[in-house]
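Notes for the one structure printed next.
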Amino acid sequence: FFFDTNQTSQTLMAQTATGQQNASLYVGDLGADVTEAMLFDLFKAVGPVLSIRVCRDAVTRRSLGYAYVNFQNPVDAERALETLNYHTLKGQPLRIMWSHRDPSLRKAGAGNVFIKNLHKSIDNQTLYDTFSQFGNILSCKVATDGMTGESRGYGFVHFESEESAKAAIEKVNGMLLKSLQVYVGPFYRRALRQKDASNTYTNLYIKELKEGVVEDTIKEHFGTFGKITSSCLKADKKGRPFAFVSFETHEEAGKAVEECHDKYIEALCASEEQKLYCQRAQKKSERMEELRKKLSQLRARKMHEYSGSNLYVKNLDDTVDEKGLRDSFEKFGEITSVKIALDENTPPVSKGFGFVCFKDAEAANKAISEMNGHMLGTKPLYVNVAQRKEVRQATLEVQYAARYSRMASGGPQAPPPGQPMGGYPMYNSPPGAFPGYPGGVPAYPYGPAGPSAVRAGMMGAPKWAQQGMPGMGPFPPQGPPMQMPGPQQMGMRPPPQQQPARRPMQAGQAMAGARPVPGGRGGSRVGGPGMAPPMGGVPSPMGRQPKRQPEPVPAPAVPAADAPLTTSELAAMSPEQQKNALGERLFAAIAAIQPDHAAKITGMLLEMDVTETLNLLESPDVLQGKVSEALAVLQAHESDMSKA
C-alpha cells in the first residue's frame, strides 16, 4: 500500500512555514505483520490521511515495529492521538505520540521519568491514566517481555515539561500501586548510569573461594573494612563457591577491593596460586558488554598480527587429522597453530576444512602456491588466505554489483532477452557450441550440418537450460537435410531474362582460352556447358563452389547428473563441460535448500574454483553456509535496487 510521499513533504513544509500545528503521528509497538494497508483502514475513520509508512529493515525488509502517519488536518491527528492511543491491533496495543523531526527533545531526557517495581497487571493505559494528572504526556510505555508479552515491572513516562516530571516524582515516589511500593525518579541513559555506578557502588562480587568455606568466615574477613549490610554465599553449576558482600558506603567497598583483589587470603583461598577475585558486582548485560569488547579487541589484534599468514584449507579427507595436516605444511615454514573443524557427533568427525597459521606471510604464500590443488589423501586441497565472514560477503557483493553493472550496460555478460535472472545469466549452451553465431545460438533451427550438430552442441548444456532455451522449442524428429532457399529468397538478383544465351564453346577453345586458377575455391572458374549448377540448381555467385561443412565431432561422454564426479573425470573434460557437469549437480543440491533462487545462487557459486565447487557437492554443511551467504548478497542487492 503506497502513498505520495512528495505531497506529504510539501504539506509539512507548508505547515511549518505558516506556523501550523504538526499533523504527523508516530505509531510504535507494531506487530511484525502490520502493514500500511491495515493502518490506513484504522486511521482513515478519523480523517483524511496523506501518507503512511511502516519503517523496515533495509536488507531483510522486515518491519522495525513503528510507523509514521501523516494527516491532512492537525485536528484529525490530535483526535487520532486521543481516541486510538493504546488501541489493540493484531493483539498488540499501539503507542501513539506526536512525531518530532528534531531528535534533541528525545535525546535530552528532560521530563522523562523512570518507574520500577510495577505490578504485573499494570499496562500502558493504566500507567498513562495514573500520571496524566501531572501534565501532558508525550509518551508512556511499560517494558514487556518480547516472547511472552508480560510486564517486566518497570516503565517510562515522558512529560512535555520538566515541571510535570518533578511533580510526578514528588507525589508518586514511594506510593503503593496495586499493593506494591513503586520507585519513581528521573531517567538516566545507560552510559551515564554505568559511569556513575563505577564511582558509587557498594556491592562486591567475590569468587575463587576454596571449597567448604562458610558465610561467617567471609563476613568476618570483610567486616574489617566497614559495616556489612548484607551478604550471600552460593555455588554455580560446577559446585564452585562465590559470594556477594554489600557495604554501607562506597568508600568501604572500594577499600575492600583494593586490599583483597588478586591477593592470597589464607582463610578464603585454597592455595597461594589461587588468588582471590574481588570486584564491583555487575549486571549480566554489563559483563556481556565488557566481554564482547575484550573479544573484539583480541580478534582485531590477532587479525592484524596474522594477516596473510593464516590459511584456510578445505576439501580435507576424513582420514586427515591435525597432525597429518601439520606434517603436510610444516615444510614451508614454522607453524604456530593447526585446527580442523569437527562436528558435535560422538566421536567427532571432520567437517572437511581447517586452518593452518604460519609465523610469517612468506611461508604462507609459498604454501598456497604449492599446496592449492595438491592431493592429500583422496581429495585435492583448496588453500587460500583465511578471511572473516564480513570480508567474504563484501567481496561477493562487489563481484555481484560488477557483474550486474556489466549486464545493465549491455556488456558481454548481458543475458539474452526474456531471461528471468535479474542479475545472473542462466546456464545455456557453452559459448563454443555453435561457432559463428553470437551468443552461441544459430538463427535457424538446425544449421547447415543438420539437427545432429545442434544436439551435439547441446550435450554440454545443463538440463534446465535445454528445457528453457530462449527462442527454441523441442527438437522434432530428424528428417532429410534442410534445403537452402532459392536465390530470390536469399535476396540475390536473378540473371536478366533478356540477356542472350552464350554460344557454346568447343572443348579446344575452352582449354585454350581459359586459364584455371590453381588452388582457387571451387576449382577452375570455367565449367563445361553440361556442368550441373551446385546446391540443387542454385547458381553459385562468381562461379565458386560452396564451402563444404565439416562433419560434426561428437561431444565427449559426460557422466549422468546423478552420478558422482571424480577428479579424473573432471580433468578429462573441457572447461565448458566442467561448468555444465558441476552446474547440473549444484543446481539440484541448491534447489533442495533454496528453490526460489536456485538458478541465481548456482551462477554465483560456479564463479568459484572447480576444486572448491566440487567440495561443495561433497560437503552439505559447507554448501548450506555458502547458500546462506549468497542469499544474503541477493537480498541486499534487491533492496538496493528497490531503493533506486
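- For Arg326, there are no salt bridge (Lys or Arg N to Asp or Glu O under 4.0 Å) partners, not counting sequence neighbours.
- Put simply, the side chain of His374 does not reach to within 4.5 Å of the side chain of Glu370, judged on heavy atoms.
- Every residue meeting the ring pair (Phe, Tyr, Trp, His ring centres under 6.0 Å) condition with His261, not counting sequence neighbours, appears here in chain and number order: Tyr277.
- For Phe355, the ring pair (Phe, Tyr, Trp, His ring centres under 6.0 Å) partners at least two apart in sequence or on another chain are Tyr312.
- Here the closest heavy-atom approach between residue Ala599 and residue Phe587 is recorded as N-CE1, 3.8 Å.
- Among residue pairs with one or both ends in residues 348-362, those qualifying as salt bridge (Lys or Arg N to Asp or Glu O under 4.0 Å) are Glu334-Lys359; sequence neighbours excluded.
- Considering every non-hydrogen atom in both Ser328 and Leu376, the closest pair reads OG-CD1, 3.4 Å.
- Between Gln282 atom CD and Glu289 atom CD the span is 11.0 Å, to the nearest 0.5 Å.
- Closest non-hydrogen pair, Leu381 versus Val313, comes out as CD2-CG1, 4.2 Å.
- The cationic group of Lys207 does not satisfy the cation-pi geometry with Phe242, failing either the under 6.0 Å distance to the six-membered ring centre or the 45° limit from the ring axis.
- Closest of all the heavy-atom pairs between Leu311 and Ala367 is CD1-CB, 3.8 Å.
- The closest donor-acceptor contact from the side chain of Asp57 to the backbone of Arg62 lies at 3.5 Å or more, if one exists at all.
- In this structure the side chain of Leu30 never reaches within 4.5 angstrom of the side chain of Leu64, judged on heavy atoms.
- A distance-only check finds no donor-acceptor pair linking the side chain of Ser337 to the backbone of Cys357 [under 3.5 Å].
- Heavy atoms only, all atoms of each residue included: Gly583 and Thr602 are closest at O-CG2, 4.1 Å.
- Residues Leu623 and Leu617 fail the side-chain proximity criterion, which asks for heavy atoms closer than 4.5 Å.
- By the side chain to side chain donor-acceptor pair (under 3.5 Å) test, Asp596 is found to be paired with no residue, residues two or more places apart in sequence or in another chain being considered.
- Of all heavy-atom pairs spanning Ile601 and Val627, the tightest one is CD1-CG1, 4.0 Å.
- The line from CD of Gln279 to CD1 of Ile206 is 11.0 Å long, rounded to the nearest 0.5 Å.
- A distance of 13.5 Å separates NZ in Lys263 from CG in Leu268, rounded to the nearest 0.5 Å.
- A 6.0 Å sphere centred on CD of Glu258 holds no more than 12 heavy atoms belonging to other residues, nucleotides or ligands.
- Atom CZ of Phe358 is separated from atom CD of Glu330 by 9.5 Å, given to the nearest 0.5 angstrom.
- Not counting sequence neighbours, the partners of Thr319 by the side chain to side chain donor-acceptor pair (under 3.5 Å) test are Asp317.
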